[in-house]
Amino acid sequence: MATNSTDKFSLAGISYTSRLLIGTGKYKNIEETRSAIENSEAEIVTVAIRRANIGQDNKEHNLLDVISPDKYTILPNTAGCYDAGSAIRTCQLARELLDGHSLVKLEVLADEKTLFPDVTETLKAAKKLVADGFNVMVYTTDDPIIAKQLEEIGCVSVMPLAAPIGSGLGVQNTYNIRTIVENASVPIIVDAGVGTASDAAIAMELGCDGVLMNTAIAEAKDPILMASAMKKAIQAGREAYLAGRMPKRAYASASSPIDGRFL
Amino acid sequence: MEIILNGALRSIENNFSIENLIKESGLIGKYAIEVNRNIIPKSQYASTKIKSGDKIEIVQAIGGG
């Protein structure tokens, strides 16, 4: 039986025990960010790359002081990029910022209302980044054909959305996610759209290797408690997937034996 | 001389290097720097002189999903 300590997944040559990847946006303050991450037991943590606040108070905590690259795998994202060029430039800056660390989360968005990925720009950026030596984890739609193409380009992980970023709607197309998982030979991580613990469990029961989330934890009334709930949901969903669920039936099937009844 | 630093006009002394700019800006923690869209490696901060009109971007990691 697989246990938490032996059931690992691997990304760019590093193996991870936690299948919950979390974002660091939208928290009230850096203390809440720190506590939520600790409670989630996540090992991979996303960050955004933005202009430095020049002239800031030097006593103000820098995010990477709290979420140390020595302790966590920092996953810089290209959030807010709407074309391949901007995303590539962001990844290059991130690699310099993180002293040569080459694992990045590529997302090229198409539309502010839906934040859906621009798949053609994503494919273009992925090709260039892979050629430039990046380990690319790529955010994409739940289209199994595109997911496979991104894998073939050389992305180290394909990350289909469950639903639009920040929507909290949960997995909208279980058939597509299942097909993506079946076809894949790289880790499939559902990225975006989960709202609560059961959504994360469903993604894991479909066979995904992990779930990346931010808003579901950060916008919970109690983010620190939700971080713990998500950790458990991911573990439960994973174990249920490995255990193999019972078949669904249209009618009842008695659990107590028919033989030996005395009435 | 004047430069554009993170999108804003800024006056600095002539002959300033990237290293001088970092010190004057009080930057802490990890950051990356572009001058006119070229990334400047950390090893070249001291030797890279800033020219009038340079467009400089200094970025860092912040909270994001």
Side-chain angles (χ1 to χ4, degrees), chain A residues 21-27 29-30 32-33 45-69 74-80 85 89-90 92-101 105 107 139 165-166 191-192 212-218, chain B:
Chain A
L21 294 76
I22 71 173
T24 52
K26 298 182 175 175
Y27 289 96
N29 52 49
I30 210 144
E32 190 181 75
T33 314
V45 174
T46 68
V47 300
I49 305 298
R50 291 291 181 271
R51 280 176 169 163
N53 186 8
I54 290 167
Q56 70 185 350
D57 183 354
N58 279 356
K59 289 183 204 80
E60 198 175 295
H61 274 299
N62 191 291
L63 182 66
L64 294 180
D65 294 337
V66 173
I67 305 144
S68 164
I74 305 298
L75 182 60
N77 70 25
T78 63
R89 189 175 162 201
T90 303
Q92 287 166 340
L93 279 165
R95 181 164 63 181
E96 171 63 23
L97 193 155
L98 293 166
D99 308 310
H101 170 82
K105 173 184 158 179
E107 56 179 293
Y139 170 65
I165 295 171
D191 178 8
L212 197 166
M213 65 179 77
N214 191 149
T215 310
I217 295 175
Chain B
M1 63 182 177
E2 290 187 330
I3 58 168
I4 307 286
L5 177 59
N6 283 1
L9 197 64
R10 167 130 172 203
S11 282
I12 58 165
E13 286 173 36
N14 289 334
N15 216 27
F16 241 33
S17 68
I18 294 292
E19 192 172 74
N20 297 139
L21 180 68
I22 292 166
K23 279 188 188 146
E24 196 190 72
S25 302
L27 283 168
I28 50 160
K30 287 184 179 290
Y31 42 83
I33 300 181
E34 261 185 357
V35 177
N36 303 326
R37 292 209 166 202
N38 296 308
I39 293 174
I40 308 299
K42 291 179 181 68
S43 58
Q44 292 173 21
Y45 287 170
S47 62
T48 303
K49 296 289 180 194
I50 300 170
K51 295 186 295 297
S52 179
D54 275 351
K55 286 184 178 156
I56 301 178
E57 292 287 344
I58 304 181
V59 299
Q60 63 182 16
I62 64 151

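Chain identifiers are assigned alphabetically (A, B, ...) following the order of the sequence lines, protein sequences preceding nucleic acid strands; residue numbering begins at 1 within each chain.
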Legend entry - Region of A:Lys26 that comes under 4.5 Å of a non-hydrogen atom in chain B: neither
Legend entry - Heavy-atom contact with chain B under 4.5 Å, split by part of A:Ile49: both
Legend entry - Test item: A:Asn77 side-chain N/O and B:Gly65 main-chain N/O as donor-acceptor pair under 3.5 Å: yes
Legend entry - Which atoms of B:Ile40 approach chain A - backbone, side chain, both or neither, heavy atom under 4.5 Å: backbone
Inset, instruction - Could you have a look at A:Arg89, A:Lys105, A:Met213 and say which one has the most heavy-atom pairs with chain B under 4.5 angstrom? - result: A:Arg89
Inset, instruction - Could you have a look at A:Leu212, A:Thr215, A:Asp99, A:Leu98 and say which one has the most heavy-atom pairs with chain B under 4.5 angstrom? - result: A:Asp99
Inset, instruction - Would you mind telling me which of B:Lys42, B:Glu24, B:Glu57, B:Arg10 has the largest number of heavy-atom pairs within less than 4.5 Å of chain A? - result: B:Lys42
Legend entry - chain A interface, residue from B:Ala61, B:Gly64, B:Gly63 that has the most non-hydrogen pairs under 4.5 Å: B:Gly64
Legend entry - For B:Glu19, all residues meeting salt bridge (charged side-chain N to carboxylate O under 4.0 Å, His left out), sequence neighbours excluded: none
Legend entry - Nearest-0.5 Å distance that lies between atom OG1 in A:Thr33 and atom CD1 in A:Ile217: 11.5 Å
Inset, instruction - Kindly indicate whether the side chain of B:Ile39, heavy atoms from C-beta on, has any atom under 4.5 Å from the side chain of A:Arg95. - result: no
Inset, instruction - Report the residues that fulfil side chain to side chain contact (heavy atoms under 4.5 Å, CB included) with B:Ala32, sequence neighbours left out, ordered by chain and then residue number. - result: A:Leu93, A:Glu96, A:Leu97, B:Val59
